[in-house]
Novice: 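Encoded as structure tokens, here's the structure I'll be asking about.
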Amino acid sequence: MTTDPRISPPHFGSERETLRAFLDYQRATLAMKCEGLDDEQLKDTSMPPSTLSLLGLVRHMAEVERAWFRRVFEDGEAPMVWSDKIDFQAAYDASRSTRAEAFAAWEAEVETSRRIEREAASLELAGHQPRWGENVSLRMVMVHVLLEYGRHNGHADFLREGVDGTVGA
């Protein structure tokens with residue numbers, strides 16, 4: 001990781017522009033943490049008993065994007081990417097996965113999420129969160145997913161440091 005390709009969020013902007021920029025910044029952070037690593041390095045885990053890996057985080061965030069954008073605003077019955085039931089933990093098992101597979105799924109879900117957000121008339125767009133059985137706003141979803149990335153990118157710092165000794169950005 002020698003370069004930082006992320007675009008910093010604006011210091012001034014509308015609520016929507018700011019949320020969008022921070023979410024894209026966090027997405028780019030996860031991609032940056034995986035930059036330059038091969039499949040085996042991406043599967044490196046932290047210390048036992050944890051099985052958490054960077055590739056597992058990418059897979060998990062594909063599930064998060066799907067669950068919070070696609071399932072809430074388009075198709076409440078959309079299946080999970082790596083689980084027959086609603087099991088976010090299944091995505092963490094990247095033992096038989098590849099970078100190409102995981103990133104293709106994650107990038108597809110990110111693009112779907114971006115499209116849903118762009119097409120929404122406002123942050124007040126309501127969708128149904130099937131796991132909760134309640135309606136939620138696009139604003140709430142964007143903040144929730146932003147917080148998910150922030151939490152998991154903290155894990156990614158330590159995982160990347162374990163692979164090549166870099167310090168988190």
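Note that the structure is predicted; figures quoted are calculated from it, not measured. Here, residue 1 is the first one in the sequence, and each next residue gets the next number.
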Novice: Check Val72 against Ala67 and note the closest heavy-atom contact, atom names and distance.
Specialist: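 Heavy atoms of Val72 and Ala67 come nearest at CG2-O, 3.5 Å.
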
Novice: Are Glu15 and Thr18 close enough that some pair of their side-chain heavy atoms sits under 4.5 Å apart?
Specialist: no

Novice: Mind checking whether Leu37 and Leu54 have side chains closer than 4.5 Å, heavy atoms only?
Specialist: yes

Novice: Do the side chains of Lys85 and Met80 get nearer than 4.5 Å, heavy atoms only?
Specialist: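 They are not in side-chain contact.
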
Novice: Compare all side-chain heavy atoms of Val145 with those of Leu23 and state whether any distance is below 4.5 angstrom.
Specialist: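 The answer is yes; the side chains approach within 4.5 Å.
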
Novice: Taking Glu65 as the fixed residue, which of Arg71, Arg70, Arg27 is the one that meets the side chain to side chain donor-acceptor pair (under 3.5 Å) rule?
Specialist: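 With Glu65 as partner, Arg71, Arg70, Arg27 yield a single side chain to side chain donor-acceptor pair (under 3.5 Å), made by Arg27.
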
Novice: Decide side chain to side chain contact (heavy atoms under 4.5 Å, CB included) for Trp68 and Met140; before the verdict, give the C-alpha distance in whole Å, the side-chain angles of both, and the deciding distance to 0.1 Å.
Specialist: CA-CA 10 Å; Trp68 283 99; Met140 183 270 166; 4.1 Å; yes

Novice: At their closest point, which heavy atom of Pro9 faces which heavy atom of Tyr25, and how far apart are they?
Specialist: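 Reported closest heavy-atom pair: CD-CD1, 3.7 Å.
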
Novice: Looking at every heavy atom in both Ala120 and Arg16, which two are closest together, and how far apart are they?
Specialist: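 Heavy atoms of Ala120 and Arg16 come nearest at O-NH2, 2.9 Å.
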
Novice: Using 30° and 60° as the class boundaries, would you call the ring planes of Tyr92 and His60 parallel, tilted or perpendicular?
Specialist: parallel

Novice: When you group the ILVMFWY residues by side-chain heavy-atom contacts below 4.5 Å and let the links chain together, are Val81 and Tyr149 in the same group?
Specialist: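 In one cluster with Tyr149: Val81, no.
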
Novice: I'd like to know if the side chain of Asn153 and the backbone of Thr29 have a donor-acceptor N/O pair within less than 3.5 Å.
Specialist: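 Flag not set: sc Asn153 to bb Thr29 has no pair under 3.5 Å.
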
Novice: Transitively linked via ILVMFWY side-chain contacts under 4.5 Å: Val143 with Val141?
Specialist: yes

Novice: When the ring centroid of Trp106 is compared with that of Trp82, is the distance short of 6.0 Å?
Specialist: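 No, the ring centres sit 6.0 Å or more apart.
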
Novice: Rounded to the nearest 0.5 Å, how far does CZ of Phe69 lie from CD of Glu109?
Specialist: 11.0 Å

Novice: Calculate, to the nearest 0.5 Å, the distance between atoms CG and CG belonging to Leu55 and Asp38 respectively.
Specialist: 10.5 Å

Novice: Considering residues, nucleotides and ligands other than Asp84, do more than 12 of their heavy atoms fall under 6.0 Å from its CG?
Specialist: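 Atom CG in Asp84 is not packed in, count stays at 12 or less.
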
Novice: Is a salt bridge present between Arg66 and Glu63, judged by a nitrogen-to-oxygen distance below 4.0 Å?
Specialist: no

Novice: Does anything in residues 119-129 pair up under side chain to side chain donor-acceptor pair (under 3.5 Å), and if so which pairs, sequence neighbours excluded?
Specialist: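 For residues 119-129, and leaving out neighbouring residues, the side chain to side chain donor-acceptor pair (under 3.5 Å) pairs sorted by first residue read Arg115-Glu119, Glu124-Arg139, His128-Asn135.
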
Novice: Quick check for you: to the nearest 0.5 Å, what is the distance between Met142 atom CE and Leu147 atom CG?
Specialist: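 Reported value, rounded in 0.5 Å steps: 12.0 Å.
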
Novice: Decide, yes or no, whether a salt bridge links Arg114 with Glu117 under the criterion of side-chain N to carboxylate O below 4.0 Å.
Specialist: no

Novice: Below 4.5 Å, heavy atoms only, C-beta onward: do Thr45 and Leu52 meet side chain to side chain?
Specialist: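 They are not in side-chain contact.
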
Novice: Verify side chain to side chain contact (heavy atoms under 4.5 Å, CB included) between His152 and Met61, making sure each step is shown before the conclusion.
Specialist: CA-CA 9 Å; His152 292 304; Met61 292 312 297; 3.6 Å; yes

Novice: Are Leu42 and Val110 grouped together when hydrophobic residues (ILVMFWY) are joined by side-chain heavy atoms under 4.5 angstrom apart?
Specialist: yes

Novice: Under a 3.5 Å distance rule, please check whether Lys43 uses its side chain to pair with a backbone N or O of Ser97 as donor and acceptor.
Specialist: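 Checked: pair present.
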
Novice: May I ask you to test the Phe103-Cys34 pair for a side-chain heavy-atom distance under 4.5 Å?
Specialist: yes

